[in-house]
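Ligands are counted one by one from 1 in listed order, and the atoms in each one are counted from 1 as well. Values below: every heavy atom of this structure, side chains too, minus hydrogens, waters and symmetry copies. Along the sequence shown, the residues carry numbers beginning at 1.
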Amino acid sequence: MQQRGSHVFNRDARPDVSALLAATAMGVYLLVVAGATASIADAARACTNWPVCRGPVTLAEPALLIAWGHRAVALLVGCLALATGVAAVRARHRLRPRVLAALALGVVLFPVQVGIGAVVVTSGPTDLLTTAHLVVGMVLFTALVVALAWELEPDASDAPDDGWAVEPGLDSSDESDEPTVAADAATTAPADLPPLRRATATLSAYFRLMKPRLMWLLCLVAAAGMALASTGGDDLTVRAVVLTLGGGVLAIGASGTFNHVLEREKDKKMDRTSDRPIATHQIPVRRAVAFGVGLAGLSLAVFAQVNLLAAALGLSAILFYSVVYTLVLKPNTVQNTVIGGFAGALPALIGWAAVTGTFGLPGLALAGVIFLWTPAHFYNLALAYKEDYAKGGFPMMPVVRGEAETRKHILYYLAATLVAAVALAAMTGLGWVYAATTCAFGGVFLWAVLRLHRERTESAAFRAFHASNAYLGALLVAIVVDALAV
Ligand code: HEM
Ligand SMILES: CC(C)=CCC/C(C)=C/CC/C(C)=C/COP(=O)(O)OP(=O)(O)O
């Protein structure tokens, strides 16, 4: 077993640049979100002077307040970017050329972005100028995160990256409070149990077949899709909400059950899944199939009460997860998680369709956020359960491409998710609750992923996994609140 921190990337040699880069990247993200909020609030018309606004700042003029806030943050982040540039120049001999190039792009784009902002304010906002301001901001953020990902890559001279620093008392097959069904399984319901306990154990086994742990977040995705759709003027009825979430729970239950059936042999080989109800023969395959078919039928019947598009999308989600992901992608390609993200994104479209009866750009943009978030969510678990997935014969990213590459991809997909979250705000006019949430929880998610890069332990991977769920959960609640209440 490797000692924790013994080969942790050369923290001592180059801590400042990566820490400064992370702070600058998050600062730029804050700026981009503040800029999107300023644009929605029409702050450029409230303050037409540059670099300072004229006139008293009062709470009665929120647009002026937002304009000032945007500029104050820009000044602070500008100083941070400068400090990062100076630190990088001083450390140039030990930084990789591509890190320097990506960082240089960010540092050069910063004044360009300030210049575009000044023109927007002084000559009046046009669609072209405001779009350019948003796009350059996103490119700047991307350049900084890419520089950070490259900077965090271990050197070839570092210890080999095939080991996982396990902390004392932690073991991937015995992680009591982590997301493993094995941990909370009542393994079998032997005939000698009292009838009531037997019935309870069987009911609990059927419940576990439905993968209940996934439900709250997937239901929130559908709820956010519905809330967004209602901002366009369509009525959001309690009936539609109840039927859509009910159909969703049944659909997730059906596809989870099919997943258990189809993976029963592989589940037996993996510690995390070896005591799943079908793998242990607690539930016979034929009964599980009947249960899954029943749930699927019920789910489609419920969705059909909302509208036919919702039902068709529900059927697509069940088929995509059960057949395309479980049978085709998961055992055969390292891109299984990326392409599999379509299954989790579909509830956004189901929610939108339930309210509007059709497709719409904001619903598609929300689906895009979920799609990009999925690898940043699952790769953490894939790292923690790398050996287990290898035993099951699954070509997960850490098994095929290694841990360092996986950590880098987590950072890329996290950055892409944050950019997509801004695009969603710009498209929908979501307000300050959403803006504050994506910055705060995005910052926590980034912090957890950076700790994963430094620590390379199972607990760091689980921390980043939980941060991914907290980020998306908070973002979706913020969408609902912003769309319905603010
Ligand atoms: C390819 C796509 C995905 C893969 C491979 C994946 C994989 C996993 C795995 C293996 C677990 C642990 C499950 C268990 O042992 O019970 C898990 C947990 C979870 N996943 Fe995902 N997931 C994916 C997409 C999603 C999506 C789209 C959502 C919701 C939007 C989601 C939400 C959750 C939640 C809420 C948990 C439970 C967390 C907990 O128990 O603390 N996942 N995921
Ligand atoms: C509305 C509807 C039906 C939506 C379906 C979307 C859905 C259930 C997404 C879950 C994504 C997923 C692949 C989770 C588990 O991975 P895994 O099966 O690889 O995990 P495992 O290794 O624990 O089996």
Problem set entry | Crowding at CZ, Arg401 (>12 non-hydrogen neighbours, <6.0 Å) | no
Exercise. For ligand 1, is there an N or O atom under 3.5 Å from any N or O atom of Arg213?
Worked result: yes
Problem set entry | Atoms in ligand 1 flagged as close to Leu472, the criterion being non-hydrogen separation under 4.0 Å | 30 (C)
Exercise. Under a 4.5 Å cut-off applied to non-hydrogen side-chain atoms, are Val422 and Thr438 in contact?
Worked result: no
For this session: Provide the full list of salt bridge (charged side-chain N to carboxylate O under 4.0 Å, His left out) pairs with a residue in residues 319-342, sequence neighbours left out, each pair given once.
Result: Glu263-Lys330
Exercise. Step by step, would you call Leu383 with Leu452 a side chain to side chain contact (heavy atoms under 4.5 Å, CB included)?
Worked result: CA-CA 10 Å; Leu383 279 169; Leu452 169 66; 3.9 Å; yes
For this session: For the residue pair Asp267 and His260, confirm or rule out a side-chain donor-acceptor distance under 3.5 Å.
Result: no
Problem set entry | Within-shell test, Tyr325 vs ligand 1, heavy atom, strictly < 4.0 Å | yes
Exercise. Using the benzene-type ring in the case of Trp, are the ring centres of Tyr389 and Tyr379 under 6.0 Å apart?
Worked result: no
Problem set entry | Nitrogen or oxygen atoms of Arg272 and ligand 1 under 3.5 Å apart | yes
Seminar exercise, completed: Here the atoms of ligand 1 under 4.0 Å from any heavy atom belonging to Trp216 are 35 (C)
Problem set entry | Proximal ligand 1 atoms for Gly344, defined as those under 4.0 Å from one of its heavy atoms | 27 (C)
Problem set entry | Within-shell test, Tyr389 vs ligand 1, heavy atom, strictly < 4.0 Å | yes
Problem set entry | Side chain, backbone, both or neither: the part of Leu381 lying under 4.0 Å from ligand 1 by heavy atom | side chain
Exercise. With a 4.0 Å heavy-atom cut-off (strictly under), which part of Val221 contacts ligand 1: side chain, backbone, both or neither?
Worked result: side chain
Problem set entry | Numbered atoms and elements of ligand 1 in range of Asn469, under 4.0 angstrom, heavy atoms | 38 (C)
Could you tell me, for ligand 2, which of its N or O atoms are under 3.5 Å from any protein N or O, listing the pairs and their distances rounded to 0.1 Å?
residue	atom	partner	partner atom	Å
ligand 2	18 (O)	Lys211	NZ	3.1
ligand 2	18 (O)	Asn259	ND2	3.2
ligand 2	18 (O)	Tyr321	OH	2.7
ligand 2	19 (O)	Tyr325	OH	2.7
ligand 2	19 (O)	Lys330	NZ	2.8
ligand 2	22 (O)	Arg272	NH2	2.6
ligand 2	22 (O)	Lys330	NZ	3.0
ligand 2	22 (O)	Tyr389	OH	3.1
ligand 2	23 (O)	Arg272	NH1	3.2
ligand 2	23 (O)	Arg272	NH2	3.0
ligand 2	23 (O)	Arg276	NH2	2.7
ligand 2	24 (O)	Lys211	NZ	3.0
ligand 2	24 (O)	Asn259	OD1	3.4
ligand 2	24 (O)	Glu263	OE1	3.3
ligand 2	24 (O)	Arg276	NH1	3.1
ligand 2	24 (O)	Lys330	NZ	3.3

Exercise. Do the two ring centres, one from Phe342 and one from Phe371, sit under 6.0 Å apart?
Worked result: yes
Problem set entry | Atom indices of ligand 1 within 4.0 angstrom of Leu218 heavy atoms, with elements | 29 (C), 30 (C)
Problem set entry | Parallel, tilted or perpendicular: ring planes of Phe291 versus Tyr206, cut at 30 and 60 degrees | perpendicular
Problem set entry | Thr337 N/O under 3.5 Å from ligand 1 N/O | no
Problem set entry | Contact check, side chains of Leu236 and Leu484, non-hydrogen atoms, under 4.5 Å | yes
For this session: Taking the side chain as every heavy atom from C-beta outward, state whether Lys408 and Tyr413 have any pair of such atoms under 4.5 Å apart.
Result: no
Exercise. Do Thr280 and Asp275 get their side chains close enough for a donor-acceptor pair, meaning under 3.5 Å?
Worked result: no
Exercise. How many angstroms lie between CG in Leu424 and CG in Leu361, if you round to the nearest 0.5 Å?
Worked result: 9.5 Å
Exercise. Is the shortest distance from a heavy atom of Val338 to ligand 1 less than 4.0 Å?
Worked result: no
